[in-house]
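Every chain is numbered from 1 and lettered A, B, ... according to where its sequence line falls, protein lines coming before strand lines.
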2 protein chains.
Amino acid sequence: MIRHSRQRDAIRDAITRAGRPLLPQEVHQLAQQQAPRLGIATVYRNLQALQDAGEVNQVTIPGDSPRFELAEQPHHHHFKCTQCGEVTTLYACPGKLAALTPQGYQMHRHELTLYGHCVKCTQAH
Amino acid sequence: MIRHSRQRDAIRDAITRAGRPLLPQEVHQLAQQQAPRLGIATVYRNLQALQDAGEVNQVTIPGDSPRFELAEQPHHHHFKCTQCGEVTTLYACPGKLAALTPQGYQMHRHELTLYGHCVKCTQAH
DNA sequence: TCAATAATGATAACTCATTATCATTAAAAC
DNA sequence: GTTTTAATGATAATGAGTTATCATTATTGA
């Protein structure tokens with residue numbers, strides 16, 4: 001039987017407030033503002049639980065460990081800043097990707113990641 | 001001072017013949033046909049050396065460990081078969097991705113991965 | 001052919017994200 | 001309030017990929 005917990009709320013809130021995919025460590029840091037003694041194991045446990053419950057999804061940027069974002073978002077892609085490492089959500093898609101698929105192949109989904117400098121890092125020059 | 005070695009030739013040839021990005025284990029298996037007693041440490045050492053020499057590049061598919069492909073290829077993307085796991089090179093690109101970049105951001109490069117079933121796995125039904 | 005040493009192969013060691021363990025804490029039903 | 005037990009926090013253990021170690025092999029210049 002599933003019980004309510006301050007920690008799980010803090011984790012869900014952190015992901016919601018961020019509006020972008022977060023690494024477990026980022027979730028840990030952000031959620032600690034709301035649940036001070038939060039342990040990293042609890043973060044992993046609840047990310048798993050929230051995923052099983054269909055509340056959050058896993059996002060993997062090439063070369064990085066998985067990040068977590070709210071489920072129930074429209075189709076989107078991501079931008080990773082090569083300076084600060086932050087990942088942003090992009091609500092846009094080039095479309096027409098079926099044309100890239102070779103003869104005889106079946107495409108079911110796609111992932112696109114843009115790389116560059118975010119606003120903060122661009123301005124910091 | 002760099003010496004010639006049968007093992008490095010076998011590794012370079014395996015990547016060249018494959019025509020697609022290979023995992024270190026795949027390189028190991030393929031190159032063993034040409035260099036029977038090839039050890040996995042030698043594979044890693046030479047992948048690093050070939051990368052330093054600019055002969056091969058590293059490719060990372062989300063969630064996977066790095067693969068290696070020949071450098072000096074035109075711009076391209078990849079297709080990963082969700083059935084057999086094989087990664088194929090796609091010499092095509094949707095283009096016009098600058099339009100997806102948010103105001104104030106600077107995009108330098110992008111990565112696109114298509115997922116689905118390759119010819120072999122599609123036919124195997 | 002021979003000497004110098006780069007490269008190899010086998011395997012131990014390491015890295016680091018993630019998971020398991022277990023005593024303690026705290027929801028929630030009564 | 002009391003009881004039950006899910007959830008937590010601290011930390012040890014795990015695992016997969018990669019790197020380091022070192023005795024041995026093999027390339028290359030003399």
Exercise. What are the two closest non-hydrogen atoms of Asp13(A) and Gln34(A), and how far apart are they?
Worked result: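 For Asp13(A) versus Gln34(A), the nearest heavy atoms are OD2-NE2, 2.8 Å.
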
Problem set entry | Shortest non-hydrogen separation from Ile11(A) to Val27(A) and the atoms involved |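 Smallest heavy-atom distance, with atoms named: CG2-CG1, 3.8 Å.
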
Exercise. Should Leu47(A) and Val43(A) be marked as a side chain to side chain contact (heavy atoms under 4.5 Å, CB included) after you check the CA-CA gap, both sets of side-chain angles, and the distance that decides it?
Worked result: CA-CA 6 Å; Leu47(A) 287 175; Val43(A) 172; 3.8 Å; yes

For this session: Please name all residues satisfying side chain to side chain contact (heavy atoms under 4.5 Å, CB included) with Tyr44(B), sequence neighbours left out, ordered by chain then number.
Result: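 Tyr44(B) satisfies side chain to side chain contact (heavy atoms under 4.5 Å, CB included) with Pro24(B), Ile40(B) once adjacent residues are dropped.
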
For this session: Taking side chain to side chain contact (heavy atoms under 4.5 Å, CB included) as the test, write out the residues that go with Arg6(B), two or more places apart.
Result: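 Counting only residues at least two positions away or on another chain, Arg6(B) forms a side chain to side chain contact (heavy atoms under 4.5 Å, CB included) with Ala35(B).
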
Let me check something: any side-chain donor-acceptor pairs from residues 102-110 of chain A under 3.5 Å, sequence neighbours excluded? List them with distances.
residue: Arg109(A); atom: NH1; partner: Glu111(A); partner atom: OE2; Å: 2.9
residue: His110(A); atom: NE2; partner: His75(A); partner atom: NE2; Å: 3.2
residue: His110(A); atom: NE2; partner: His77(A); partner atom: NE2; Å: 3.1

For this session: Kindly write out the residues that satisfy salt bridge (charged side-chain N to carboxylate O under 4.0 Å, His left out) with Arg20(B), not counting sequence neighbours, or none if the list is empty.
Result: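 Testing Arg20(B) for salt bridge (charged side-chain N to carboxylate O under 4.0 Å, His left out), a comparison that skips the adjacent residues, returns Glu26(B), Glu86(B).
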
Pairs under 3.5 angstrom only: tabulate donor-acceptor contacts from the side chains of residues 49-59 of chain B to other protein residues two or more places apart or in another chain.
residue: Gln51(B); atom: NE2; partner: Gln58(B); partner atom: OE1; Å: 3.1
residue: Asp52(B); atom: OD1; partner: Gln48(B); partner atom: NE2; Å: 3.0
residue: Glu55(B); atom: OE1; partner: Arg12(B); partner atom: NH1; Å: 2.9
residue: Glu55(B); atom: OE2; partner: Arg12(B); partner atom: NH1; Å: 3.0

For this session: With axes from five pairs an end, tell me the bend angle of the helix from dT1(C)-dA30(D) to dC30(C)-dG1(D), nearest 10°.
Result: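 Roughly 40° between the end axes, to the nearest 10°.
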
Problem set entry | Contacts of Thr42(A) that satisfy side chain to side chain donor-acceptor pair (under 3.5 Å) - sequence neighbours left out |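 Applying side chain to side chain donor-acceptor pair (under 3.5 Å) to Thr42(A) gives Arg45(A).
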
Exercise. Who are the side chain to side chain donor-acceptor pair (under 3.5 Å) partners of Gln73(B), not counting sequence neighbours?
Worked result: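 Counting only residues at least two positions away or on another chain, Gln73(B) forms a side chain to side chain donor-acceptor pair (under 3.5 Å) with Tyr91(B).
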
Exercise. Heavy-atom contacts under 4.0 Å between residues 34-62 of chain A and DNA chain D, which residues?
Worked result: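 Result for residues 34-62 of chain A: Arg37(A), Leu38(A), Gly39(A), Ala41(A), Thr42(A), Arg45(A), Asn46(A), sorted by number.
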
Exercise. Got a sec? Which of residues 1-20 of chain A come in under 4.0 Å of DNA chain D, heavy atoms?
Worked result: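 Result for residues 1-20 of chain A: Met1(A), Ile2(A), Arg3(A), Ser5(A), Gln7(A), Arg8(A), sorted by number.
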
Exercise. Chain B on DNA chain C: first and last contacting nucleotide, 5' to 3', under 4.0 Å to a heavy atom?
Worked result: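 First and last nucleotides in contact are dA4(C) to dT11(C).
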
Exercise. Tell me, which pairs form a salt bridge (Lys or Arg N to Asp or Glu O under 4.0 Å) where one or both residues lie in residues 75-85 of chain A, sequence neighbours left out?
Worked result: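 Found Asp64(A)-Lys80(A).
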
For this session: Ignoring hydrogens and angles, state whether a donor on the side chain of His117(B) or Gln123(B) is under 3.5 Å from an acceptor on the partner side chain.
Result: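 The criterion, which ignores hydrogens and geometry beyond distance, is not satisfied for Gln123(B) and His117(B).
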
